[in-house]
Amino acid sequence: MKKKILSAVLSVAMVSALLVGCGSSATTETAAPAADSAATADGAEAAAPAATGEGQVYYLNFKPEADEAWQAIAKSYTDQTGVPVTVVTAASGTYEETLSAEIIKDEAPTLFQVNGPVGLANWTDYCYDLKGSSLYNELTSDSFALYDGDEVKGIAYVIESYGIITNVELLSQAGYTVDDIKSFDDLKKVAEDITARSSELGFAAFTSAGMDGSSDWRFKTHLANLPIYFEYQADGIDTTDTIKGSFLDNYKNVWDLYINNATCAPADLASKTGDDAENEFADGQAVFYQNGSWEYANLTGKGMTDDQLAMIPIYTGAGDEANQGLCTGTENYWCVNAEASEEDIQATIDFLTWMVTSEEGTKMLADTIGVIPFKNAQDTTNLFVLNDRDYTAAGKTPVSWNFTTMPSEEWKNGVGSALTAYAAGTGSWDDVVAAFVDGWASEYALK
Amino acid sequence: MERAIKKYWPVFVLPTLAAFCIGFLYPFCQGLYLSFCKFTTIKKASFVGFKNYIYALTDGAFWHSFGFTTAFTICSTLLINVLAFSIALALTSKIKGSNIFRTVFFMPNLIGGIVLGYIWQILLNCVLSLLEQPLLALDATLGFWGLIILLCWQQIGYMMIIYIAGLQSIPKDYLEAAKIDGATNLQILFRVKIPNVMPSITICTFLTITNGFKLFDQNLALTGGEPAHASEMMALNIYNTFYSRTGPQWKGYGQAKSVIFCLMVIMISLVQLKATKSREVQQ
């Protein structure tokens, strides 16, 4: 009998060993994208010792859409100079986690990024003072440097714009042109007209305003920037720890317009993803798609042409609409790891300087990243960036990016889930206002 | 055999012991220390005393997640064990193709939690959308039952295997003797089979309770804690404390929460082990 129990226990033990296996495979899957690129990192690290003494560069990249271009340029730089450059891209939405894990390793990133003053608060101890460095000297304006006191902790490397991407071909099928849309009322009129005739036209006004994690930042962060911007403008401030929400009615107007004139019912938005919206737009199922200049490569990659596309400002019925431009700014700052060795820091600064001065580097940045705030920047072919330039040339004022002053990710999530519930009808607009205004104050109080 | 074990025990024990120390003991002690610190990365930590624990114990969202997790654990433990045991009973009676069934039931366990979470999210949202109900991310009750369905689907097969092993180790003569004495099937089940598989029940309840408490991947992928943290379980709450706030103090708060969480899980499983162990019988 004892033997049988023993064999039973043994088999249980064997199966639980299997469970342990399953358990760990599950965790690797969570981190798979990071691990994938880590594999490339290992490969490069193996090759690194050959060039020690020269310093090396390890860039923890934030933008998954630019990963391929970074890998290619890193290889090319290594071929030309012999300095090993490793680029690892964190999986979308896991940058903080990846950075926290990577930065304590012996082979820590020498180059990483923060998203503005709020993000810098976490990492300021790790940021090397770039003031006076060759990279800093290439900036076209001091306003692109991220200061902590007198020290330059970060250097903005891209200026981006977002607005409502419009399919002008479909818009003209509906009998309008972009020139017909000069204010929120115009936008509302056009959108509601398209919705009324959508079965006859065969397309909807807006792509789905998906509130899945891959898409909700377009609304809880980017769209939410507009009421914040107008409030800051009205009050003449550039950050606050208590927001009043004076322009939340305008936020509601746009959000209502988005959800009620979309490709799907408002209740389904909770599960719609970023890819859903992108595909709907590329397939010609909708005329309007709120997103930014970084989306240009994806849309043209899906077969859309410059003739079909234009970006227009997000009108909310607030401020001086006749002179409103696109939302333009940056939330991407390069930081050099102060804990890295002298050689590595120098190698990193040299690499970045090369990126923003050489023909090859600036071309890659112009093509895949967009406009860069450096003296040697090449002209871009990104249509949305050119749109932004036209608006500015026509005397319109770009809406600045104030979402870098949002108190925390937690605040954004609170606004996001309130927006989702409001769209589905399980929550009220008052909940959104509460999450926006009260959430802001309580999150700032916790800082 | 016993002599061999006496001679070679270090070969068997040392690798596991080393792995246990490196992979568990050391990080646990370090984690314990960090829970009293304010830190961004583990290399730069400054001691702050009990501040983190005070915050963790007064955080409403943490207690809400504790309630949600407890309800979830009770529900999933009961369902998984009852269903797994029933299936094990069915598959140990002589039915055709029982081996195939065992394999099929076991298979969901081989898929990772994140993948399962997203697949079930699509599935359940489709069903809910057809029924014109709010989607998973909008209703915490639906999210709760969605998680229960998902975890049952994933774990029943695994527990079933353990129960099958238990049922098969019951000596045939016990069952025969009971039959000859005129016991009904129900009597055999409750008086002979269940007391004899108590060791399996101990293991299975232990595994389901701890799995229920520690659930993270599935929670993250299926509901993400939506709406507004209402379906957030303890592990996800700790994760969010760590990563969705700004400032070094949050890492300390999260660390304190995880120590509290760890102690809770250990205590609850010890109580459970003691309770079920006392019911085990000697064969």
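No experiment lies behind these values; they were computed from the predicted model shown. Residue numbering restarts at 1 for every chain, and letters A, B, ... go by the order of the sequence lines.
- Contacts of A:I104 with chain B are made by both backbone and side-chain atoms, with heavy-atom separations under 4.5 Å.
- Using a 4.5 Å cut-off between heavy atoms, A:D125 touches chain B through backbone and side chain atoms alike.
- In this structure, B:Y243 and A:S100 have side chains that are in contact, with non-hydrogen atoms separated by less than 4.5 Å.
- Residues A:T426 and B:D139 are not in side-chain contact: their nearest non-hydrogen atoms beyond the backbone lie 4.5 Å or more apart.
- Summarising the geometry, atom CG belonging to A:N413 is positioned 7.0 Å from atom CG belonging to B:N240; distances are rounded to the nearest 0.5 Å.
- The contact between B:Y239 and chain A is made entirely by side chain atoms (from C-beta outward), counting heavy-atom distances below 4.5 Å.
- For A:W123, the part sitting under 4.5 Å from any heavy atom of chain B is the side chain, from C-beta outward, and nothing else.
- Here the closest non-hydrogen pair linking B:L138 and A:A424 is CD1-CB, 3.1 Å.
- The local environment of OH in A:Y147 is crowded, with over 12 non-hydrogen atoms from other residues, nucleotides or ligands closer than 6.0 Å.
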